[in-house]
Amino acid sequence: MSETPSPLRRLPDHRLLLGLFLPMQQGAWSPSRAPRSTSWTFDYIARCATTAEALGFDLVFGLAQWLGKGGYGGEMRFREHEVDPIIANAALASLTRSIVLINTVHVLYAWHPLHLAKFGAAMDHISGGRWGINVVTGYKPSEYRMFGLEPIEHDLRYAMADEFTAVMKRLWIEDEELSFDGRFWRTERAYLAPKPGQRRPFLVNAASSPAGLEYAAKHSDLIFITSPAGADPEAACAALPAHNARIKTLARNHGREVKTIINPHVICRATEREARAAYDRILDNEDTVAADNFVHTFQSGDTASWRGHTRAQWVIGGNVHLVGTPEQIVAWFGRLREAGCDGVQVNFFDYLPDLEFFGRTVVPLMREAGLRG
Ligand SMILES: Cc1cc2nc3c(=O)[nH]c(=O)nc-3n(C[C@H](O)[C@H](O)[C@H](O)COP(=O)(O)O)c2cc1C
């Protein structure tokens, strides 16, 4: 298979990439009933994406999950509603011009690589080379059962994703019909036309385990990482240099370049006191049932990500928690960069007002600090 130029060349050359974790699901990251505007509706998501683009963000990301009635439950029916993110991104492609649009797909839920290759080519054409697929293998047994499948053992999932991605890439890149008889997938005389105009979309993954990181090093351009030391940024900055270096080494062993992006929950206000009060307000209003179910899902699953979060930190949600003034947030961003992270993909509690404040106060300071060109 001929390799193609890395899609990473299509990203602007900032010292720290800046992404927005879209609030695709009802309640976004936080099982808390504290008042806020955040909404899963497409109109709200579109305003977040277009605002992020206007503020100079490099990418937006939409997660995908399959939950039963009531989502994670509680009064807020946490995460019950979600507009499918690949469909949402197709619509966002027409509303935006420059920002990269990434969404999750569970590739093992009864898809064939030819489906995703075709969708990817379409998304690449519609967006002008701005689409990326976050390849995930599904850590919830209940999701497999929804698709009439039996849950699959963790490392086997990544072996399947490896073959899936290899076939999908060949369909994007090769100019001949493809016949393939693999361990998990087969195809006879499959052909894709048009090819993606930009040869191939961004490939993204969010693994932490050895098998997941081996997959990511082999295939992904962007790797969404989590802190190996929980939500406290000081502990995270101590643990992240080794984690980032390990990922870069794994990728280099495959002759590849990858960028790592971490997901901070940013609570930023004009004063530290106000920021701490906003943090406390989220906690004080926790939806207990939703929080219990949310925490239980992660602590009982086989995911190697998000280890070390306390229950309260799950109620805030997201990965590393950054709470403070614009100056303090930018200082943390600098520390995360020094710890080897190539980017941050931020999430907020009250998305549109928080994003607007972030754009007005934090983004200019990031420029002053040399983190953004
Ligand atoms: C930033 C981020 C986004 C993720 N998005 C999704 C998602 O949308 N859907 C999903 O099922 N899993 C998602 N995951 C979970 C990962 O795919 C993976 O299961 C998890 O990080 C555990 O990694 P491991 O399989 O290497 O242990 C995400 C993880 C991270 C860190």
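Just so you know, residue 1 is the first one in the sequence shown, and it goes up from there. In each ligand, atom 1 is the first atom listed, and ligand 1 is the first ligand listed. Any value given below was found using the heavy atoms of this structure, including those in side chains, with hydrogens, waters and symmetry copies removed.
A salt bridge does not link Lys218 with Glu214: every distance from a Lys NZ or Arg NE/NH1/NH2 to an Asp or Glu carboxylate oxygen is 4.0 Å or more. Using a 4.0 Å cut-off between a side-chain N of Lys or Arg and a carboxylate O of Asp or Glu, Arg47 and Asp43 qualify as a salt bridge. By the 4.0 Å N-to-carboxylate-O rule, Asp58 lies too far from Arg10 to be salt-bridged with it. Looking at Lys195 and Glu174, no side-chain N of the basic residue comes within less than 4.0 Å of a carboxylate O on the acidic one, giving no salt bridge. Salt-bridge annotation for Glu257 and Lys248: absent, with no side-chain N of the basic residue lying under 4.0 Å from a carboxylate O of the acidic one.
Among all non-hydrogen protein atoms, the one lying nearest atom 14 (N) of ligand 1 is Trp306 CH2, 4.1 Å. When only non-hydrogen protein atoms are considered, atom 17 (O) of ligand 1 lies nearest to Val136 CG1, 3.2 Å. When hydrogens are left out, the protein atom nearest atom 20 (C) of ligand 1 is Ser305 OG, 3.4 Å; that is the closest non-hydrogen contact. Regarding atom 27 (O) of ligand 1, its nearest protein heavy-atom neighbour is Ala304 N, 2.7 Å. Counting only heavy atoms of the protein, atom 25 (O) of ligand 1 lies nearest to Tyr158 OH, 2.7 Å. The shortest contact between atom 2 (C) of ligand 1 and any protein heavy atom is with Ala206 CB, 3.8 Å.
The Ser208 neighbourhood of ligand 1 comprises atoms 23 (O), 24 (P), 26 (O), with distances under 4.0 Å to a heavy atom of that residue. Each of the atoms 5 (N) of ligand 1 lies under 4.0 Å from some heavy atom of Asn134. For ligand 1, the atoms lying closer than 4.0 Å to a non-hydrogen atom of Phe21 are 1 (C). Residue Thr226 approaches ligand 1 through these ligand atoms, each under 4.0 Å from one of its heavy atoms: 31 (C).
Annotation: Ser209 places an N or O atom under 3.5 Å from an N or O atom of ligand 1; distance criterion only. No N or O atom of Thr303 sits closer than 3.5 Å to an N or O atom of ligand 1. The distance criterion of under 3.5 Å between nitrogen or oxygen atoms is not met by Glu143 with respect to ligand 1. In terms of polar-atom proximity, Ala64 is counted as a contact of ligand 1, with an N or O under 3.5 Å from an N or O of the ligand.
Heavy-atom contacts from other residues, nucleotides or ligands closer than 6.0 Å to CZ of Arg360 number more than 12.
For the residue pair Ser227 / Asn319, no side-chain donor-acceptor distance below 3.5 Å is found, with atom types taken as modelled.
A donor-acceptor pair under 3.5 Å links the side-chain atoms of Asn244 to the main chain of Ala339, judged by distance alone.
Of the heavy atoms in Leu63, both backbone and side-chain atoms come closer than 4.0 Å to ligand 1. Only the side chain of His154 comes within 4.0 Å of ligand 1, judged by heavy-atom distances.
Among Tyr109, Phe298, Tyr139, the residue whose heavy atom lies closest to atom 15 (C) of ligand 1 is Tyr139. Evaluated by nearest non-hydrogen atom to atom 11 (O) of ligand 1, the leading choice among Gln25, His106, Glu214 is His106.
Taking the six-membered ring for Trp, Phe348 and Phe358 have ring centres closer than 6.0 Å.
Taking every heavy atom of both residues into account, Ile99 and Ala49 meet most closely at CD1-O, 4.3 Å. When every heavy atom of Arg157 is checked against every heavy atom of Ile152, the shortest pair comes out as NH1-O, 3.1 Å.
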